[in-house]
Asker: 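Right, I'll just put the structure down here and ask away after.
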There are 2 protein chains.
Amino acid sequence: MNLNMQQFKADFFKALAHPLRIKILELLAEGEKSVNELQSLAGSEGSAVSQQLTILRGKNIVTGTKDGNRVIYSLRDPMIVELLSVAKQIFNNHLVDTISMLDQMKE
Amino acid sequence: MNLNMQQFKADFFKALAHPLRIKILELLAEGEKSVNELQSLAGSEGSAVSQQLTILRGKNIVTGTKDGNRVIYSLRDPMIVELLSVAKQIFNNHLVDTISMLDQMKE
DNA sequence: TATATATTTGATTATTTGAATATATATAAA
DNA sequence: TTTATATATATTCAAATAATCAAATATATA
């Protein structure tokens with residue numbers, strides 16, 4: 001596997017490395033939604049959601065289709081749901097470690 | 001799920017969002033390795049591998065144990081292998097799209 | 001004109017990178 | 001044993017690059 005492939009994978013994970021983008025993907029995992037719905041559900045104002053959707057679109061992670069006034073977004077690949085699920089398992093496994101580590105840092 | 005949890009997840013993915021860190025994780029997926037071995041196998045000079053291992057350690061993704069002169073690293077959770085595997089499936093699904101997109105950009 | 005969405009912009013903050021330096025262990029010579 | 005030296009790994013630093021954020025502006029449809 002060459003450097004380009006590594007860079008490609010890194011870029012993919014980078015697309016997930018943002019709290020609002022994570023939130024958007026979790027919402028889209030439930031089903032397709034308009035930008036407006038995503039804004040409400042994510043509790044986000046202004047153009048923040050639109051900006052992050054642009055990044056997710058650029059990495060082919062979501063796709064948007066026009067419906068009159070609105071744009072409906074959905075996940076391009078159901079495996080994204082699987083990916084988030086595996087990630088969640090890893091979080092759960094190590095959450096205790098990390099939280100105790102954070103507690104130590106406070107001292 | 002609150003903002004902290006979203007941030008926590010984003011930070012986890014951020015730890016994967018670097019070509020050398022991806023390479024290191026793929027190598028460790030085969031089995032534990034010393035820093036020196038990782039450097040050789042990744043074709044990386046200087047302190048780059050050590051720097052990235054520090055980041056992976058900080059996120060509890062890898063763990064290092066001293067063995068005399070050396071430090072042996074391994075994955076903290078075998079689910080990381082699963083995560084990389086799911087990610088690879090997603091890449092494969094959309095690689096064609098992305099490559100054709102890159103081709104378009106060149107023109 | 002109103003609503004939904006996207007793009008641009010610029011200031012701020014974070015990350016990357018390579019080079020230099022530091023630390024720890026091992027080995028060998030005196 | 002002490003001293004010197006080599007090897008492995010980690011840390012620090014500053015410059016370059018990239019990402020974030022909010023505000024302003026633009027576009028498209030109703």
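A, B, ... follow the sequence lines: proteins, then strands. Residue 1 opens every chain.
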Asker: Using whole Å, report how far CD1 of B:I55 lies from P of D:dT12.
Answerer: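 From B:I55 CD1 to D:dT12 P: 14 Å.
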Asker: With no angle test and no hydrogens, is the base of C:dT7 tied to the side chain of A:S47 by a donor-acceptor pair under 3.5 Å?
Answerer: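 Answer yes: a donor N or O sits under 3.5 Å from an acceptor.
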Asker: Take the protein atom CZ of B:R70 and the nucleotide atom C1' of C:dA24, then report the distance between them rounded to whole Å.
Answerer: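 That distance rounds to 15 Å.
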Asker: I'd like to know if the side chain of B:S47 and the backbone of B:S50 have a donor-acceptor N/O pair within less than 3.5 Å.
Answerer: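 Here the side-chain-to-backbone pair does not exist.
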Asker: Report the distance from atom CG of B:L20 to atom P of C:dT15, rounded to the nearest whole Å.
Answerer: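 So the two atoms are 17 Å apart, to the nearest Å.
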Asker: Base, sugar-phosphate, or nothing for A:G46, non-hydrogen atoms under 4.0 angstrom?
Answerer: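 Nothing, no heavy atom under 4.0 Å.
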Asker: Just compare C:dA24, C:dT5, D:dT9 and give me whichever is closest to any side-chain atom of B:N69.
Answerer: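 Nearest to the side-chain atoms of B:N69, counting from C-beta on, is C:dA24.
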Asker: Atom CG of B:L16 and atom C1' of C:dT16: how far apart are they, to the nearest Å?
Answerer: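 So the CG-C1' distance, B:L16 to C:dT16, works out to 17 Å.
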Asker: Taking atom P of D:dA8 as reference, at what distance in whole Å does atom CD1 of B:I72 sit?
Answerer: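 Rounded to the whole Å, the gap is 12 Å.
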Asker: Run through B:M5, B:K9, B:M79 and flag the one making a side-chain contact (heavy atoms from CB on, under 4.5 Å) with A:K88.
Answerer: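 Exactly one candidate clears the test, B:K9.
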Asker: Please report, rounded to the nearest Å, how far the C1' atom of D:dT9 is from the NZ atom of B:K33.
Answerer: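 Going from B:K33 (NZ) to D:dT9 (C1'), I get 18 Å.
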Asker: Under 4.0 Å between a side-chain N/O of B:K66 and OP1 or OP2 of C:dT25, yes or no?
Answerer: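 Affirmative; the distance criterion is met.
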Asker: Heavy-atom nearest nucleotide on DNA chain D for A:Q52 versus A:D67: which residue maps closer to 5'?
Answerer: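 Nearest-nucleotide comparison on DNA chain D picks A:Q52.
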Asker: Indicate the ring-plane relationship of B:F13 and A:F13, choosing parallel, tilted or perpendicular according to the 30° and 60° boundaries.
Answerer: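 The arrangement is parallel - the two ring planes meet at less than 30°.
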Asker: What is the distance, rounded to the nearest whole Å, between atom CG of B:L53 and atom P of C:dT16?
Answerer: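 Distance, rounded to whole Å: 14 Å.
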Asker: Between B:Q51 and B:I55, is the side-chain contact (heavy atoms from CB on, under 4.5 Å) condition met? List the steps.
Answerer: CA-CA 7 Å; B:Q51 282 176 331; B:I55 291 169; 5.9 Å; no
Asker: Given D:dT20, is OP1 or OP2 found less than 4.0 Å from the side-chain N or O atoms of A:R21?
Answerer: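 Checking A:R21 against D:dT20: at least one side-chain N or O falls below 4.0 Å of OP1 or OP2.
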Asker: Name the closest nucleotide to the B:T54 side chain, picking from D:dT9, D:dT11, C:dT5.
Answerer: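 The answer is D:dT11, which lies nearest to the side chain.
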Asker: Hey, is the main chain of A:K14 close enough, under 3.5 Å, to the side chain of A:R21 for a donor-acceptor pair?
Answerer: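 Yes, the answer is positive, given that a donor and an acceptor are paired below the 3.5 Å cut-off.
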Asker: Considering just the side-chain nitrogens and oxygens of A:S50, establish if one lies under 4.0 Å of OP1 or OP2 belonging to C:dA4.
Answerer: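 It does not, given that no N or O in the side chain of A:S50 lies less than 4.0 Å from OP1 or OP2 of C:dA4.
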Asker: Counting distance alone, no hydrogens or angles: does the base of C:dT15 have a donor or acceptor under 3.5 Å from a partner atom on the side chain of B:Q51?
Answerer: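 Flag unset: no donor-acceptor pair detected.
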Asker: Between A:Y73 and C:dA6, is there a contact of a side-chain N or O with OP1 or OP2 at under 4.0 Å?
Answerer: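 The answer is yes; a side-chain N or O of A:Y73 sits under 4.0 Å from OP1 or OP2.
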Asker: Under 4.0 Å: is that the gap between some side-chain N or O of B:N36 and OP1 or OP2 of D:dA8?
Answerer: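 True: B:N36 side-chain N/O within range (under 4.0 Å) of D:dA8 OP1/OP2.
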Asker: Measure CD/B:Q7 against C1'/C:dA14 and give the value in whole Å, please.
Answerer: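 For the pair B:Q7 CD and C:dA14 C1', the rounded distance is 12 Å.
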Asker: Counting only Watson-Crick or G-U wobble pairs whose two distances fall under 3.5 Å, which nucleotide matches D:dA30?
Answerer: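 Paired with D:dA30, as far as the under-3.5 Å criterion goes, is C:dT1.
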